[in-house]
Participant: 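Have a look at the structure that comes next, please.
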Amino acid sequence: MDRIIIRGGKPLIGTVPISGAKNAALTLLPCALLTDGKLTLSNLPRLADVDSFGHLLNGLGVSTTIAGATSSNGINRAMTMHAADIASTVAPYDIVRKMRASILVLGPLLARAGEATVSLPGGCAIGNRPIDLHLKGLEALGAEIELAAGYVKATAPSGGLRGGRVSFPIVSVGATENVLMAAVLARGETVIENAAREPEIADLCRCLVAMGADISGIGTERLVVQGQESLHGADYRVMPDRIEAGSYACAAGITGGDLLLAGANADDMGAILDPLVEAGLEVSNEPGGLRVRAASRPRALTISTAPFPAFPTDMQAQFMAMLALGEGTSVLTETIFENRYMHVPELTRMGADIQVHGRTAIVKGVDKLVGAPVMATDLRASMSLVLAGLAAEGETQVLRIYHLDRGYERLEEKLSAVGADIERDGDG
Ligand SMILES: CC(=O)N[C@H]1[C@@H](OP(=O)(O)OP(=O)(O)OC[C@H]2O[C@@H](n3ccc(=O)[nH]c3=O)[C@H](O)[C@@H]2O)O[C@H](CO)[C@@H](O)[C@@H]1O
Ligand SMILES: C=C(OP(=O)(O)O)C(=O)O
């Protein structure tokens with residue numbers, strides 16, 4: 001098993017190309033199931049989850065071809081998917097257990113093929129992660145749902161799904177995505193109230209519109225979809241990854257660095273950039289990207305995670321690492337996932353002073369962190385340990401880095417290029 005070895009203490013300076021967004025790509029890929037035309041996604045990040053999704057689609061009968069390698073600018077990778085026929089409507093446990101986003105084939109399969117059998121994703125390291133809202137939303141479009149032997153089996157009524165009214169009691173990114181992808185092929189109008197407003201949802205809507213869908217209210221909490229008989233193929237470019245960009249911004253913050261995040265889109269990143277500025281970092285929009293400079297130690301922050309446009313849960317761990325070396329006491333509250341503090345004991349082993357009380361973590365800034373072997377437990381937790389390692393004295397070894405490969409494209413290459421002493425080794 002691979003590990004990442006970092007010898008910390010170097011300010012990171014230079015340009016980091018920002019890749020296409022994982023969390024957008026993973027909801028754009030299942031859109032291929034909605035049409036017998038070809039869907040080509042460009043700016044597709046080279047990530048383990050994208051590969052797994054490709055395999056999942058292949059198993060459903062979708063042919064996939066990949067063009068263009070990821071260049072040093074992080075561009076040019078495109079995948080063309082062609083679901084001329086749906087050969088299977090089953091998403092098996094073996095793939096779903098590796099990648100929770102597999103649940104996002106449920107809505108499209110149901111809408112196009114009239115049925116879908118998808119392994120229940122279950123919980124993961126960060127929390128329970130139920131899918132009841134996905135299922136209730138699809139029921140509102142007429143689907144019949146059965147749960148048996150660890151699978152959800154959804155069936156459309158004869159004549160197919162029909163438009164309906166879905167009002168989510170809480171904001172759910174995944175449920176909004178599943179219902180949207182089903183509604184675009186349902187008969188009549190669907191109204192989704194209290195829809196998630198994450199930029200990745202707007203990206204999904206724009207791709208669906210490029211495929212012939214009729215959606216209004218894009219970017220708002222009320223989406224109105226006029227279902228179509230069929231959709232057609234399209235070429236669509238995946239949006240830049242705001243979480244990857246935010247993670248590298250924290251790398252500048254924790255190392256006292258100066259990074260140009262090439263291709264990052266500040267418009268989607270207000271809730272990430274505002275606290276960086278509050279912490280004393282200089283953030284500016286420059287030609288080609290977003291520049292983040294840290295002239296001093298970050299100041300303490302009080303942050304609470306919440307659905308967009310508030311501070312994202314996917315940035316909590318990285319901010320915590322940065323604030324562990326900040327000045328003063330920060331207070332972080334995690335409201336989305338009940339178990340998203342698995343990085344705390346590992347950061348503590350590196351010398352951080354962090355106490356968790358329920359959903360709140362009190363982070364007392366320390367003067368230094370010291371390198372140690374640490375174990376990553378989930379994707380963003382892993383990145384927080386890499387960040388800590390970049391600033392720590394001595395050597396940090398991050399184990400179980402397959403989590404990082406799910407969400408950070410060419411991590412060591414991007415960090416080495418801006419001055420980090422980091423390498424991957426095959427014995428971890
Ligand atoms: C609102 C939010 O920040 N969503 C995050 C969530 O999306 P993801 O789509 O995984 O999760 P949801 O947005 O659906 O979950 C939001 C909340 O709703 C609850 N829930 C969800 C679905 C359901 O059927 N029933 C239910 O109770 C969840 O337990 C959670 O507390 O994790 C992703 C990966 O970290 C992040 O990129 C998303 O930003
Ligand atoms: C937890 C994440 O992703 P996933 O839902 O794919 O596990 C994430 O992107 O931080």
Side-chain angles (χ1 to χ4, degrees), residues 21-24 26-27 47 49 96-104 120-137 168-178 194-201 241-244 246-247 250 271-272 275 301-324 330-348 352 354-363 374-388 400 402-404 406-408:
K22 165 183 118 18
N23 287 336
L26 295 181
T27 188
L47 297 172
D49 271 13
V96 178
R97 75 183 166 83
K98 281 194 239 158
M99 182 188 54
R100 296 196 84 266
S102 311
I103 191 66
L104 295 175
L120 286 163
C124 72
I126 60 177
N128 277 330
R129 307 188 77 174
I131 58 157
D132 55 307
L133 300 175
H134 302 229
L135 304 183
K136 284 197 186 103
F168 288 118
I170 54 173
V171 173
S172 163
V173 172
T176 302
E177 291 166 344
N178 245 332
N194 202 23
R197 286 183 283 159
E198 269 64 5
E200 293 76 16
I201 304 260
D241 196 319
R242 65 193 172 104
I243 305 301
E244 187 199 27
S247 302
C250 289
I272 300 171
L301 296 173
T302 296
I303 297 175
S304 189
T305 67
F308 191 87
F311 184 81
T313 174
D314 292 351
M315 284 302 308
Q316 177 258 110
Q318 303 90 310
F319 266 71
M320 187 182 289
M322 183 180 80
L323 295 170
S330 297
V331 180
L332 306 189
T333 303
E334 173 59 58
T335 74
I336 306 292
F337 293 114
E338 67 275 16
N339 194 28
R340 212 172 190 179
Y341 284 136
M342 301 289 279
H343 40 288
V344 170
E346 301 302 287
L347 290 172
T348 305
I354 305 170
Q355 303 288 330
V356 174
H357 305 283
R359 293 195 161 219
T360 297
I362 312 288
V363 184
V374 284
M375 189 84 88
T377 46
D378 67 75
L379 170 57
R380 308 303 170 186
S382 310
M383 189 58 180
S384 78
L385 301 177
V386 169
L387 292 172
R400 293 210 184 143
Y402 50 84
H403 295 293
L404 283 166
R406 286 186 47 230
Y408 290 93

Participant: Is a donor on one side and an acceptor on the other found under 3.5 Å between the side chain of Glu338 and the backbone of Asn128?
Facilitator: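 Confirmed, Glu338 side chain pairs with Asn128 backbone.
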Participant: Starting at CG of Leu26, measure out to CG of Leu47 and round the result to the nearest 0.5 Å.
Facilitator: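 Leu26 CG to Leu47 CG: 8.0 Å, rounded to 0.5 Å.
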Participant: Any idea which heavy atoms bring Lys22 and Gly407 closest together, and the distance?
Facilitator: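 Shortest heavy-atom contact: CD-CA, 3.8 Å.
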Participant: Between Ser172 and His134, which heavy-atom pair has the shortest distance, and what is it?
Facilitator: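 Ser172 and His134 have their closest heavy atoms at OG-NE2, 4.3 Å.
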Participant: Give me the atom names and distance for the closest heavy-atom approach of Pro121 to Ile131.
Facilitator: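 In this case the closest contact between Pro121 and Ile131 is CG-CG2, 4.0 Å.
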Participant: Let me confirm one number: the CZ-CG distance from Arg242 to Asn23, rounded to the nearest 0.5 Å.
Facilitator: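 Going from CZ on Arg242 over to CG on Asn23, the span is 8.0 Å.
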Participant: Okay, side chain of Glu334, backbone of Phe337: is any donor-acceptor separation there less than 3.5 Å?
Facilitator: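 At least one qualifying donor-acceptor pair exists.
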Participant: Are any side-chain N or O atoms of Thr360 and backbone N or O atoms of Thr333, one a donor and one an acceptor, separated by less than 3.5 Å?
Facilitator: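 Looks like no, no N/O pair under 3.5 Å.
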Participant: Answer yes or no: is there a side-chain heavy-atom contact under 4.5 Å between Phe308 and Glu200?
Facilitator: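 Side-chain contact under 4.5 Å: no.
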Participant: Search all heavy atoms of Pro309 against all heavy atoms of Ala271 and return the closest pair with its distance.
Facilitator: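 So the two residues come closest at O-CB, 3.2 Å.
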Participant: Does any part of the side chain of Pro169, heavy atoms only, come nearer than 4.5 Å to the side chain of Leu133, both counted from C-beta?
Facilitator: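 Counting from C-beta outward, Leu133 and Pro169 do come under 4.5 Å.
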Participant: Could you report the tightest heavy-atom contact between Gly246 and Ile272, atom names first, then the distance?
Facilitator: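 Reported closest heavy-atom pair: CA-CG2, 4.0 Å.
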Participant: Could you give the distance from OG (Ser382) to CD (Gln318), rounded to the nearest 0.5 Å?
Facilitator: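 The CD atom of Gln318 is 10.0 Å from OG of Ser382, to the nearest 0.5 Å.
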Participant: Just do the side chain to side chain contact (heavy atoms under 4.5 Å, CB included) check on Ile243 and Arg380 with the steps written out, would you?
Facilitator: CA-CA 9 Å; Ile243 305 301; Arg380 308 303 170 186; 3.4 Å; yes
Participant: Hey, does the side chain of Arg359 reach the backbone of Thr335 with a donor-acceptor pair shorter than 3.5 angstrom?
Facilitator: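 Side chain of Arg359 to backbone of Thr335: a pair is present.
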Participant: Check this for me: Gln355, atom CD, are more than 12 non-hydrogen atoms of other residues, nucleotides or ligands nearer than 6.0 Å?
Facilitator: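 No, because the 6.0 Å sphere around CD of Gln355 holds 12 heavy atoms or fewer from other groups.
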Participant: Hey, does the side chain of Tyr408 reach the backbone of Ser247 with a donor-acceptor pair shorter than 3.5 angstrom?
Facilitator: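 Such a contact is absent between Tyr408 side chain and Ser247 backbone.
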Participant: For the CD1 atom of Ile362 and the NE2 atom of His357, what is their distance to the nearest 0.5 Å?
Facilitator: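 One gets 5.5 Å once the value is rounded to the nearest 0.5 Å.
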Participant: Output yes when a side-chain donor or acceptor of Asn339 lies under 3.5 Å from a complementary backbone atom of Ala125, and no otherwise.
Facilitator: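 Between the backbone of Ala125 and the side chain of Asn339 there is a qualifying donor-acceptor contact (under 3.5 Å).
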Participant: Strictly distance-based, threshold 3.5 Å: is any side-chain N or O of Asn178 a donor or acceptor partner for the main-chain N or O of Ile103?
Facilitator: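 Looks like yes, one N/O pair under 3.5 Å.
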Participant: Measure across Ala361 and Ile354 and return the closest heavy-atom pair with its distance rounded to 0.1 Å.
Facilitator: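 Closest pair (atom of Ala361, atom of Ile354, distance): CB-CG2, 4.2 Å.
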Participant: Is any side-chain heavy atom of Leu347 closer than 4.5 Å to one of Leu385?
Facilitator: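 The answer is yes, as the side chains (C-beta and beyond) meet within the 4.5 Å cut-off.
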Participant: Strictly distance-based, threshold 3.5 Å: is any side-chain N or O of Ser330 a donor or acceptor partner for the main-chain N or O of Leu323?
Facilitator: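 Judged by distance alone, no pair lies under 3.5 Å.
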Participant: Roughly how far, to the nearest 0.5 Å, is the OG1 atom of Thr377 from the NE2 atom of His343?
Facilitator: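 These two atoms lie 8.0 Å from each other.
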Participant: Walk me through whether Lys136 and Phe168 qualify under side chain to side chain contact (heavy atoms under 4.5 Å, CB included).
Facilitator: CA-CA 9 Å; Lys136 284 197 186 103; Phe168 288 118; over 6 Å; no
Participant: Do Pro307 and Val173 have side-chain heavy atoms sitting under 4.5 Å apart?
Facilitator: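 No, too far: nothing below the 4.5 Å cut-off.
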Participant: Report yes if the side chains of Met315 and Cys250 come closer than 4.5 Å at any heavy-atom pair, otherwise no.
Facilitator: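 In short, these two side chains touch, coming nearer than 4.5 Å.
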Participant: Quick one: do Asp314 and Arg340 make a salt bridge, cutoff under 4.0 Å?
Facilitator: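 Salt bridge: yes.
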Participant: Between CG of Leu104 and CD of Glu177, what distance do you get to the nearest 0.5 Å?
Facilitator: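 Those atoms lie 5.5 Å apart.
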